[in-house]
There are 2 protein chains.
Amino acid sequence: MGAPIERLCEEKGLKMTGQRRIIARVLAESDDHPNVDQVFSRASEVDPRISLATVYRTVRLFEESGIVTRRDFGDGKARYEESSDDHHDHLIDVESGEVFCFHDAAMEKLREKLAKSLGYELVDHRLELYARPLKTKK
Amino acid sequence: MGAPIERLCEEKGLKMTGQRRIIARVLAESDDHPNVDQVFSRASEVDPRISLATVYRTVRLFEESGIVTRRDFGDGKARYEESSDDHHDHLIDVESGEVFCFHDAAMEKLREKLAKSLGYELVDHRLELYARPLKTKK
DNA sequence: TTAGCTGCAAACCCTTTGCTGCGTA
DNA sequence: TACGCAGCAAAGGGTTTGCAGCTAA
């Protein structure tokens with residue numbers, strides 16, 4: 001890990017700057033879908049001279065390059081996660097705000113079927129479950 | 001129709017102003033999930049003196065009162081639709097931008113099951129299918 | 001009459017962008 | 001060296017809000 005980003009910058013003729021390296025690492029090490037402010041503060045811990053504008057630019061660059069995926073869980077702030085092959089969905093714990101990923105094949109199939117039955121070909125989707133921890137006992 | 005909003009304003013001790021009546025009617029008559037600008041321009045056709053701020057305030061008031069539901073299809077603008085009992089989902093035609101509502105019981109059941117299997121109780125969800133019309137023939 | 005509402009414009013928040021100096025290749 | 005990149009601050013787009021006058025009840 002760490003390598004893919006540098007390889008990609010090469011491929012695209014991009015310069016591998018210190019800032020990009022740091023932001024890439026922050027994103028790779030975060031599994032909590034951080035928003036830009038969070039990426040910014042984590043990157044700032046490594047190098048306090050990084051600016052918010054650079055984080056915005058870099059994160060967008062990475063998104064356009066397919067390295068990261070932008071998410072939007074309805075709080076008005078974009079969140080980012082490393083791109084992965086499995087098209088997973090998210091469960092948001094409404095009490096803690098934590099986000100969990102999951103993948104369900106049956107659901108995926110159902111989505112395809114549904115779109116087709118409506119005369120459409122699925123190109124993307126968004127599924128978020130907002131849920132509260134089950135109280136197994138009082 | 002039309003009545004429910006007035007009844008609700010009474011219940012909440014709200015004044016039934018001309019603006020609210022117009023905005024309520026616009027929302028009731030729209031089935032295309034308009035954003036605030038669209039509500040504003042439709043309301044302006046009825047009474048050009050209505051301000052954008054009033055539309056924002058009213059639409060929010062209606063949302064808090066449960067009369068309308070706010071949606072967010074990822075374009076950065078809130079969209080509104082009359083609240084309904086069926087928890088339907090949306091299919092967005094990525095070519096035309098049109099939005100269709102649908103409801104699928106199997107999917108609903110699957111969501112509940114999934115949340116439970118993760119140790120959660122579902123309180124809300126969001127499902128959007130972004131799709132392209134099937135070309136049945138050239 | 002009066003509490004609540006509207007219009008206007010300014011303020012907010014997140015995000016993008018123009019410009020100038022800096023650093024990678 | 002040269003072009004791309006970073007930092008700063010200002011601008012942008014959607015949404016909210018402070019204030020003073022207006023209006024439904």
Side-chain angles (χ1 to χ4, degrees), chain A residues 5-27 33-44 46-65 67-80, chain B residues 2 5-27 33-44 46-65 67-80 97:
Chain A
I5 286 104
E6 309 200 5
R7 192 184 318 132
L8 189 135
C9 286
E10 240 177 275
E11 281 173 19
K12 297 217 151 196
L14 303 175
K15 293 187 177 171
M16 196 59 227
T17 64
Q19 290 89 331
R20 286 185 183 165
R21 228 183 295 270
I22 291 171
I23 294 168
R25 187 146 57 84
V26 165
L27 288 166
H33 305 71
N35 60 36
V36 173
D37 270 324
Q38 294 172 313
V39 175
F40 175 54
S41 65
R42 289 172 201 180
S44 296
V46 183
D47 181 349
R49 291 166 310 173
I50 289 182
S51 75
L52 185 57
T54 295
V55 176
Y56 270 106
R57 276 191 277 238
T58 304
V59 127
R60 201 223 248 180
L61 181 77
F62 286 173
E63 194 208 345
E64 287 166 355
S65 305
I67 301 179
V68 302
T69 301
R70 191 212 311 245
R71 300 284 179 186
D72 156 26
F73 295 149
D75 62 352
K77 301 177 194 174
R79 287 151 159 269
Y80 293 87
Chain B
I5 287 102
E6 310 199 4
R7 192 183 318 133
L8 190 134
C9 287
E10 240 176 276
E11 281 172 18
K12 298 216 152 197
L14 303 174
K15 292 188 178 172
M16 197 59 228
T17 65
Q19 289 90 330
R20 287 185 183 163
R21 228 184 295 271
I22 291 171
I23 294 168
R25 185 146 59 84
V26 165
L27 289 166
H33 305 71
N35 60 36
V36 173
D37 270 326
Q38 294 171 312
V39 175
F40 175 54
S41 65
R42 289 172 202 181
S44 296
V46 183
D47 180 351
R49 291 166 308 173
I50 288 182
S51 76
L52 185 57
T54 295
V55 175
Y56 270 107
R57 278 192 277 236
T58 304
V59 125
R60 202 221 246 177
L61 181 77
F62 286 172
E63 193 208 346
E64 287 166 355
S65 305
I67 300 179
V68 302
T69 301
R70 189 210 313 245
R71 301 284 177 186
D72 156 25
F73 296 148
D75 62 350
K77 301 177 195 175
R79 288 152 160 267
Y80 293 87

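The sequence lines fix the lettering, A, B, ..., with proteins before strands; numbering per chain opens at 1.
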Give the rounded distance in Å between these two atoms: CZ of A:R49 and P of D:dC8. 11 Å
side-chain contact (heavy atoms from CB on, under 4.5 Å) with A:L27: of A:T58, A:V39, A:I67, only one passes, and it is A:V39
On the nucleotide C:dC8, are OP1 or OP2 found under 4.0 Å from the side-chain N or O atoms that B:S51 carries? no
Length of the line joining B:I23:CD1 and C:dG7:C1', which is rounded to integer Å: 12 Å
State plainly whether the residues A:K77 and A:D75 are in salt-bridge range, i.e. N to O under 4.0 Å. no
Rounded to whole angstrom units, what separation is found between the CZ atom of A:R20 and the P atom of C:dG23? 15 Å
Rounded (10°) bend between the five-pair end axes of the helix from C:dT1-D:dA25 to C:dA25-D:dT1: 30°
Sequence neighbours left out, what pairs pass salt bridge (Lys or Arg N to Asp or Glu O under 4.0 Å) with at least one residue falling in residues 12-23 of chain B? B:E6-B:R21
Taking all non-hydrogen atoms of both residues, which atom of A:P34 and which atom of A:Q38 are closest, and how far apart? CA-OE1, 3.1 Å
Are side-chain heavy atoms of A:V46 and A:R25 found at a separation under 4.5 Å? yes
Separation of C:dA25 C1' from A:E6 CD (nearest whole Å): 14 Å
Say you draw a straight line from CD of A:E63 to OH of A:Y80; how long is it, rounded to the nearest 0.5 Å? 5.5 Å
Name the one of A:D37, A:I23, A:V26 that satisfies side-chain contact (heavy atoms from CB on, under 4.5 Å) with A:V55? A:I23
Give the rounded distance in Å between these two atoms: CZ of B:F40 and P of D:dG13. 17 Å
Does a side-chain N or O of A:Q19 approach OP1 or OP2 of C:dG23 to a distance below 4.0 Å, or not? no
What integer distance in Å separates A:K12:NZ from D:dG4:C1'? 15 Å
In whole Å, what is the span from the CG atom of B:D47 to the P atom of C:dT6? 11 Å
Step-by-step side chain to side chain contact (heavy atoms under 4.5 Å, CB included) determination, B:R79 to B:F73: CA-CA 8 Å; B:R79 288 152 160 267; B:F73 296 148; 3.4 Å; yes
Strictly under 4.0 angstrom, non-hydrogen atoms only: write out the protein contact profile of nucleotides 15-25 of chain D, one letter per nucleotide from the 5' end, B, S or -. BBBB----BBS
Are B:T54 and B:S51 linked by a side-chain donor-acceptor pair shorter than 3.5 Å? yes
Can you tell me the distance, in whole Å, between the CZ atom of A:F73 and the P atom of C:dC14? 17 Å
